[in-house]
Amino acid sequence: MARPLGESHKRFLQTMMANGIVDGDKARALHRHCCETHGAQYTPDKLDEFIEVINAQLQPMFMQIRKGLSEEDGLQYYALVNMAETDVTRMSADYADNELELFRKTMDLIVDSDNGTASSTDILNCADSLQTKKLKKKETEHVLNRLVQDKWLIEKQGEYSLSTRCIMEMEPYIRRIYQDQVKVCHICHNVALQCQMCENPTCGIKIHTHCVARYFKGRTDPRCPSCEDFWPHEIPEVYRPPSSQSQSAATEKTTPTPRATGQSRKTRRS
């Protein structure tokens, strides 16, 4: 029998429902805040066990608080995800048919790209070819803003990518629909969109840029971990977040979004 939720669990779940996704530091700070507020036993390294109690109660509703890594910065996040569906149609209650079609086409562009992004120009051009109902430029921009605000997309200098929440929640759908295009990272084995690729035609493995940074750190002669060919791409630096700020933020009033670090770089191709 599933363990009943305490008040600390309920408060944690309510905050996750309000925010949708929080980074690892905020999740750990929230865990402590909820336990101390309701006089529950707090053990710093027991967050995952704390969440397991919540997930046991969420299982009949096909919901789960899932842990994953951001493609952009490699940081850990916790997201409340819907397990019942693996299709974009789960968003149908919040978006019109043509808005969902625009999102699908945006996903197509992102997956087809070399660096896991789609330009605003290319997305706007897609709006003219919608089969459901065409969107005007202002309407398209409004939909994109909503998708960013709802944490399905990330926008950075006119380039859009799938958010951490989107990948965590829709990974089964992405793997199924784009099975011939999407590969997993050779290091962390998660879906790899923002990544670098081995240029050996018989190899072609992909590695997330943040995994590249960690794997090749300090190596003067970087070699592909699969075929041992020279790795020709620029090796980014390991991202180090300002921990003093994030660790002190233990509040339910914060609505965190995936961080834009500027550390991920586009794949260079010869």
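Hydrogens, waters and symmetry mates play no part in the numbers below; they use all other heavy atoms, side chains included.
When atom types are taken as modelled, the side chain of S163 and the backbone of C166 share a donor-acceptor pair closer than 3.5 angstrom. Side-chain atoms of H210 come within 3.5 Å of backbone atoms of S70 as a donor-acceptor pair (strictly under, hydrogens ignored). Judged by distance alone, with hydrogens and angles left aside, the side-chain atoms of R66 form a donor-acceptor pair with the main-chain N or O of M168 at under 3.5 Å. Panel note: side chain S8, backbone H38; no donor-acceptor pair is recorded below 3.5 Å. Without hydrogens or angle criteria, E199 side chain to G204 main chain gives no donor-acceptor distance under 3.5 Å. At distances below 3.5 Å, not a single donor-acceptor pair connects side-chain atoms of Q14 with backbone N or O atoms of M17. The closest donor-acceptor contact from the side chain of N115 to the backbone of Q194 lies at 3.5 Å or more, if one exists at all. For the pair R11 (side chain) and G6 (backbone), a donor-acceptor distance under 3.5 Å is absent. Between the side chain of S113 and the backbone N or O of I110, at least one donor-acceptor pair lies under 3.5 Å. A donor-acceptor distance shorter than 3.5 angstrom exists from the side chain of Q57 to the backbone of R3, with no hydrogens or angles considered.
For F230, there are no ring pair (Phe, Tyr, Trp, His ring centres under 6.0 Å) partners, not counting sequence neighbours. Qualifying side-chain hydrogen bond (donor to acceptor under 3.5 Å, both in side chains) partners for Y215, counting only residues two or more places apart in sequence or in other chains: none.
In this structure, CG in L153 is found 9.0 Å from CE in M107, a value given to the nearest 0.5 Å. Rounded to the nearest 0.5 Å, atoms SG (C35) and CG (L30) are 9.0 Å apart.
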What pairs of donor and acceptor atoms, side-chain ones from residues 134-143 against any protein atom, are under 3.5 angstrom apart with sequence neighbours left out?
residue	atom	partner	partner atom	Å
K134	NZ	D128	O	3.4
E139	OE1	K136	N	2.8
T140	OG1	K136	O	3.0

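Across E72, H186, E71, R214, a single residue satisfies side-chain hydrogen bond (donor to acceptor under 3.5 Å, both in side chains) together with H208, and that is E71.
Counting only N and O atoms by type, the side chains of E159 and S119 include no donor and acceptor under 3.5 Å apart. Counted by atom type alone, Q196 and W231 present one or more donor-acceptor pairs between their side chains at under 3.5 Å. With 3.5 Å as the limit, one finds no donor-acceptor pair spanning the side chains of D23 and Y78. For D112 and Q181, the side-chain atoms include at least one donor-acceptor pair closer than 3.5 Å.
Both L109 and Y178 are assigned to one and the same hydrophobic cluster, defined by single-linkage of ILVMFWY side chains at heavy-atom distances under 4.5 Å. Linking Ile, Leu, Val, Met, Phe, Trp and Tyr residues whenever their side-chain heavy atoms come within less than 4.5 Å places W152 and L130 in a single cluster. Taken together through direct or relayed side-chain contacts under 4.5 Å among Ile, Leu, Val, Met, Phe, Trp and Tyr, L69 and I205 form parts of separate hydrophobic clusters. Using a 4.5 Å cut-off between side-chain heavy atoms of Ile, Leu, Val, Met, Phe, Trp and Tyr, with links allowed through other members, L5 and L80 fall into the same hydrophobic cluster. Under a hydrophobic-cluster definition in which Ile, Leu, Val, Met, Phe, Trp and Tyr are linked whenever side-chain heavy atoms come within less than 4.5 Å, directly or via other members, M170 and V148 are assigned to the same cluster.
Atom CD of E228 sits in a sparse spot, with 12 or fewer heavy atoms from other residues, nucleotides or ligands closer than 6.0 Å.
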### Step-by-step salt bridge (Lys or Arg N to Asp or Glu O under 4.0 Å) determination, R104 to E101
CA-CA 5 Å; R104 289 190 186 95; E101 186 181 358; over 6 Å; no
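The aromatic rings of H31 and F50 sit tilted relative to each other, their planes meeting at an angle between 30° and 60°.
At least one test fails for R165 against the ring of Y77: distance under 6.0 Å to the centre or angle within 45° of the axis.
Minimum heavy-atom separation, I235 to A213: CG2-CA, 4.4 Å. Contact detail for I21 and M16: the closest heavy-atom pair is CA-CE, 4.4 Å.
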